[in-house]
Amino acid sequence: MEIIQVVGLGLIATILILVVKEQKPMFAFLLAAATGVMIFMLLIGKIGTVISELERMAKSSGVEMIYLKTILKIIGIAYIAEFGAQVVRDAGQENIASKIELAGKMLIMVLAVPIIGIIIETVLKLLPS
């Protein structure tokens, strides 16, 4: 029932932000950012459980851990970039948010190159000579 906690926290923060925004816009922004961090902290335990289960499955299937770690880094970059862009958008800085998203995509591409190379090698091995 964690979703009830997340939605409840979000609704309370939204009401507080709407009340405070007229008088203290900077405080409203800080409240929004703090709420985002608190929601993220509520989910950290779940993320750890998922990572542990993925590691267990990778070990049992014989997948090298370097590939799993790379994929987890890619997923982490995607989530962090999205979170950062949303916070910056909340502050009214659409241009900077777009740059954060672009940086996240570029970092994902850099990390994906070795995995793409292995996929190409595997496909080439499957093709008849």
Side-chain angles (χ1 to χ4, degrees):
M1 294 307 251
E2 292 87 11
I3 191 64
I4 293 173
Q5 292 174 326
V6 170
V7 172
L9 178 61
L11 289 173
I12 292 168
T14 301
I15 292 168
L16 289 173
I17 289 167
L18 291 173
V19 169
V20 171
K21 193 172 190 175
E22 294 297 318
Q23 300 297 321
K24 302 276 187 179
M26 179 55 92
F27 185 70
F29 168 73
L30 292 174
L31 184 59
T35 302
V37 170
M38 288 171 40
I39 290 171
F40 182 73
M41 297 306 274
L42 283 171
L43 300 175
I44 283 284
K46 301 294 180 190
I47 294 169
T49 304
V50 170
I51 290 171
S52 297
E53 185 62 23
L54 288 173
E55 286 176 346
R56 186 197 62 75
M57 288 189 296
K59 286 177 185 174
S60 68
S61 67
V63 173
E64 291 187 43
M65 292 305 293
I66 188 73
Y67 302 129
L68 177 63
K69 287 182 181 184
T70 302
I71 290 171
L72 290 174
K73 285 179 187 178
I74 288 170
I75 293 169
I77 288 170
Y79 281 126
I80 291 168
E82 177 67 21
F83 179 76
Q86 287 176 4
V87 169
V88 172
R89 268 194 194 91
D90 287 345
Q93 299 299 316
E94 181 67 37
N95 289 335
I96 295 173
S98 296
K99 303 309 182 278
I100 290 172
E101 290 172 341
L102 177 64
K105 291 172 186 175
M106 294 300 293
L107 290 171
I108 288 170
M109 182 64 80
V110 168
L111 285 176
V113 168
I115 294 174
I116 293 169
I118 289 173
I119 291 170
I120 291 171
E121 287 176 16
T122 304
V123 169
L124 289 175
K125 289 178 186 175
L126 294 173
L127 294 175
S129 299

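Computed from a prediction, not measured in an experiment: that's the story for all the values here.
- Remark: I108 CD1 to K73 NZ distance equals 13.5 Å, nearest 0.5 Å.
- Rounding to the nearest 0.5 Å gives a distance of 11.5 Å between CD1 of I75 and CG of L111.
- Both L30 and F83 are part of a single hydrophobic cluster, where members link through side-chain heavy atoms under 4.5 Å apart.
- Between E55 and L68, some side-chain heavy-atom pair lies under the 4.5 Å cut-off.
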Applying side chain to side chain contact (heavy atoms under 4.5 Å, CB included), run through E101 and M106 and close with a yes or a no. CA-CA 9 Å; E101 290 172 341; M106 294 300 293; over 6 Å; no

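- Heavy-atom contacts from other residues, nucleotides or ligands closer than 6.0 Å to CE of M57 number more than 12.
- Transitive grouping of hydrophobic side chains (ILVMFWY, heavy atoms separated by less than 4.5 Å) brings F40 and I51 into a common cluster.
- Remark: M38 engages L9 in a side-chain contact (heavy atoms from CB on, under 4.5 Å) (not counting sequence neighbours).
- Of the inter-residue distances, the one linking L107 atom CG with I80 atom CD1 reads 10.5 Å to the nearest 0.5 angstrom.
- In this structure, E64 does not pair ionically with K59, as no charged nitrogen and carboxylate oxygen lie closer than 4.0 Å.
- Between A81 and G104, the shortest heavy-atom contact is CB-CA, 4.1 Å.
- When every heavy atom of A33 is checked against every heavy atom of V87, the shortest pair comes out as CB-CG1, 4.4 Å.
- Shortest non-hydrogen contact noted between A13 and T35 is CB-OG1, 3.2 Å.
- Shown here is M65, whose CE atom has more than 12 heavy atoms of other residues, nucleotides or ligands within 6.0 Å.
- Here CE of M109 is found 6.0 Å from CD1 of I116. Values are rounded to the nearest 0.5 Å.
- Looking at F29 and M26, their side chains come closer than 4.5 Å, going by heavy atoms from C-beta outward.
- More than 12 heavy-atom neighbours from other residues, nucleotides or ligands sit within 6.0 angstrom of CD on E53.
- Transitive grouping of hydrophobic side chains (ILVMFWY, heavy atoms separated by less than 4.5 Å) keeps I77 and I47 in distinct clusters.
- Judged as a side-chain contact (heavy atoms from CB on, under 4.5 Å), and not counting sequence neighbours, A103 has no contacts.
- Smallest separation of non-hydrogen atoms from T70 and I115: CG2-CD1, 3.6 Å.
- Taken together through direct or relayed side-chain contacts under 4.5 Å among Ile, Leu, Val, Met, Phe, Trp and Tyr, L11 and I4 form part of one hydrophobic cluster.
- We find the CG-OG1 distance between L31 and T14 to be 9.0 Å, quoted to the nearest 0.5 Å.
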Between I17 and F27, is a side chain to side chain contact (heavy atoms under 4.5 Å, CB included) present by the stated rule, with each step listed? CA-CA 8 Å; I17 289 167; F27 185 70; over 6 Å; no

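- Under a hydrophobic clustering in which Ile, Leu, Val, Met, Phe, Trp and Tyr are joined whenever their side-chain heavy atoms come within less than 4.5 Å, directly or via other members, L72 and I44 fall into the same cluster.
- Heavy-atom neighbours of L18 CG from other residues, nucleotides or ligands within 6.0 Å: above the threshold of 12.
- One finds the CG atom of L42 at 8.5 Å from the CD atom of E2 (value rounded to the nearest 0.5 Å).
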